[in-house]
Asks: 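Pasting a structure below so you can have a look.
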Amino acid sequence: MADALANVASVLMTTDTVGGVFTYSIELARALAERGVQTTLAAMGGPLSPAQREAAGRVRGLALFESDFRLEWMDDPWADVERAGAWLLEIEEQVRPDVVHLNGYAHGALSFRAPKLVVAHSCVLSWWDAVLKQAAPSSYARYTHEVARGLAAAAAVVAPTRAMMRAVVQHYGAPRRALVIPNAADPAALRPARKEDVVLAVGRLWDQAKNIAALGEVAPHLPWPIRVAGSDAHPGGGSLRIDTLEHLGVLSAAGVAEALSRAAIYALPARYEPFGLSILEAALSGCALVLGDIPSLREVWGDAALFVAPDDTSALRRELKALIDDPARRVQMASRARARARLYTPGQMVQRYLELYRELLWQPRISAIWRSERPSETPAMEAEGRCA
């Protein structure tokens, strides 16, 4: 570790303000700061919420650059994606990071001076497969091209689960170097309190992947209320409310932690969830877990959660009712989940990333690029992709 710290002093990291990528970025930036590595965070997708700004302010030495550039998966984004690319190159020129860590795809094709990795948190094509059970329409042809181009140009591609990496390979081809590094949450920040007779979910109500609507269907048939924390405002306009649920709105990190600490059960019958940070936070907070039966969540949680088919609301109701009626089983499942969650710590995550940063920084060809003037086309673009 001492050698890694001597060689990696700063990271330029992109993030977005729409979902869990921001939470992941802040957790990793905090863990890097504890190892003496400074993070420059470039945020896109819209203005930071007060809760996000508060979280960023608590990371020692974090340099924050903000923008409202549209993200590559949004409607008609490409002019913004291009402007954002120029903005990122300017930031890199200003801060001269050792490594560029991209939490989006298209900008992987940019000619950064520093070695670059791309993290595959989710993608449109795998979302369509999982949520709508069909291929994405032809209107996403450019998205597919730009994502594949960015992945091919990256020195390494990381995914939080093997399931997500399989989706990357299926839709865009095998990266030249592929690694699975699970996401993490800090056990010290998430602790159980006295549990209340409440089922909780955290997620955007409009996101069909989270499948919050299924909880709305079963809520009238349960003796406990189901509460949901998250935005009901769609980025494209409009909002969604589900009258059978108790809406907590968008909470700060401290607010989410408090709600999780008091909830006895955490339910997320997700159709698509490449990792699920909110689930990890719930497990660390002592909640029993009822989750969508999808490969990624099976991979992360094993026998530490109860699984239901996302479209089977009858099974969801039965599983929740059974847990509500059996306090001993609730405690057992919560204990299993908490033990499993301790496998996914910030220390383990940052160790893996630091090892990767150091490896990328000192690859001879990458080092040569770093020392040269910015090329018009990166050598990465010329290489055959392969999955390591």
Asks: Within the 3.5 Å criterion, strictly below it, is a donor on Ser285 or Tyr266 matched to an acceptor on the partner's side chain?
Replies: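 No.
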Asks: Ignoring hydrogens and geometry, is there a side-chain-to-backbone donor-acceptor pair from Glu273 to Lys210 under 3.5 Å?
Replies: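 Checked: no pair found.
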Asks: Say you draw a straight line from CE of Met165 to OG of Ser296; how long is it, rounded to the nearest 0.5 Å?
Replies: 14.0 Å
Asks: Please check if the side chain of Ser126 supplies one atom and the backbone of Cys123 the other of a donor-acceptor pair under 3.5 Å.
Replies: yes
Asks: For the pair Asn211 (side chain) and Pro310 (backbone), establish whether a donor and an acceptor sit closer than 3.5 Å, ignoring hydrogens and angles.
Replies: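 Here the side-chain-to-backbone pair exists.
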Asks: Considering residues at least two apart in sequence or located in another chain, which fulfil the side chain to side chain contact (heavy atoms under 4.5 Å, CB included) criterion with Pro225?
Replies: Val198, Glu246
Asks: Determine whether a donor-acceptor pair (N or O, by modelled atom type, separation under 3.5 Å) exists between the side chain of Gln38 and the backbone of Leu62.
Replies: no
Asks: Can you classify the ring geometry of Tyr143 versus Tyr172 as parallel (below 30°), tilted (30 to 60°) or perpendicular (above 60°)?
Replies: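 Ring orientation of Tyr143 relative to Tyr172: perpendicular.
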Asks: Any salt bridge (Lys or Arg N to Asp or Glu O under 4.0 Å) pairs touching residues 315-335, not counting sequence neighbours?
Replies: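 For residues 315-335, and leaving out neighbouring residues, the salt bridge (Lys or Arg N to Asp or Glu O under 4.0 Å) pairs sorted by first residue read Glu319-Arg329, Lys321-Asp325.
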Asks: Please tell me whether Tyr272 and Val21 are part of a single hydrophobic cluster in this structure, the criterion being side-chain heavy atoms less than 4.5 Å apart.
Replies: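 Unlinked, Tyr272 and Val21 end up in two clusters.
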Asks: Kindly say whether Ala63 contributes a backbone atom to a donor-acceptor pair with the side chain of Thr40 at under 3.5 angstrom?
Replies: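 Absent.
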Asks: Backbone N or O of Leu110 within a donor-acceptor pair of the Lys116 side chain at under 3.5 Å?
Replies: yes
Asks: Let me check something: do Val250 and Ile242 share a hydrophobic cluster, defined by ILVMFWY side-chain heavy atoms less than 4.5 Å apart, either directly or through other members?
Replies: no
Asks: Less than 4.0 Å between a side-chain N and a carboxylate O, is that true for Asp311 and Arg271?
Replies: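 Yes, charged N to carboxylate O under 4.0 Å.
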Asks: Keeping Tyr344 on the side-chain end and Val300 on the backbone end, is there a donor-acceptor pair under 3.5 Å?
Replies: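 Flag set: sc Tyr344 to bb Val300 pair under 3.5 Å.
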Asks: Which residues pass the side-chain hydrogen bond (donor to acceptor under 3.5 Å, both in side chains) test with Tyr24, not counting sequence neighbours?
Replies: His101, Tyr353
Asks: Does His107 reach the main-chain N or O of Val118 with its side chain, forming a donor-acceptor pair under 3.5 Å?
Replies: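 Flag not set: sc His107 to bb Val118 has no pair under 3.5 Å.
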Asks: Do side-chain atoms of Arg149 reach the backbone of Ala109 as a donor and acceptor pair under 3.5 angstrom?
Replies: no
Asks: Are the side chain of Asp98 and the backbone N or O of Val8 linked by a donor-acceptor pair below 3.5 Å?
Replies: no
Asks: Arg166: what forms a side-chain hydrogen bond (donor to acceptor under 3.5 Å, both in side chains) with it, not counting sequence neighbours?
Replies: none
Asks: So Phe307 and Trp301, side chain to side chain contact (heavy atoms under 4.5 Å, CB included) or not? Walk me through it.
Replies: CA-CA 10 Å; Phe307 296 94; Trp301 294 104; 4.1 Å; yes
Asks: Should the pair Arg227-Glu196 be classified as a salt bridge under the 4.0 Å nitrogen-to-oxygen rule?
Replies: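 Looking at Arg227 and Glu196, the cut-off is met.
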Asks: Nearest 0.5 angstrom please: Leu71 CG to Tyr105 OH, how far?
Replies: 12.5 Å
Asks: Can you list everything that forms a side-chain hydrogen bond (donor to acceptor under 3.5 Å, both in side chains) with Glu359? Sequence neighbours excluded, please.
Replies: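 Glu359 satisfies side-chain hydrogen bond (donor to acceptor under 3.5 Å, both in side chains) with Arg177 once adjacent residues are dropped.
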Asks: Please lay out, stage by stage, how Glu355 and Gln351 fare under the test side-chain hydrogen bond (donor to acceptor under 3.5 Å, both in side chains).
Replies: CA-CA 6 Å; Glu355 290 171 356; Gln351 173 69 23; 2.6 Å; yes
Asks: Quick one: do Ile324 and Leu316 end up in the same hydrophobic cluster if we chain Ile, Leu, Val, Met, Phe, Trp and Tyr together by side-chain heavy atoms under 4.5 Å apart?
Replies: yes
Asks: I'd like to check the side-chain hydrogen bond (donor to acceptor under 3.5 Å, both in side chains) partners of Asp129; sequence neighbours left out, ordered by chain and number.
Replies: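 side-chain hydrogen bond (donor to acceptor under 3.5 Å, both in side chains) list for Asp129, sorted by chain: His171.
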Asks: Assess whether a salt bridge exists between Arg142 and Glu146, defined as any Lys/Arg side-chain N lying under 4.0 Å from an Asp/Glu carboxylate O.
Replies: yes
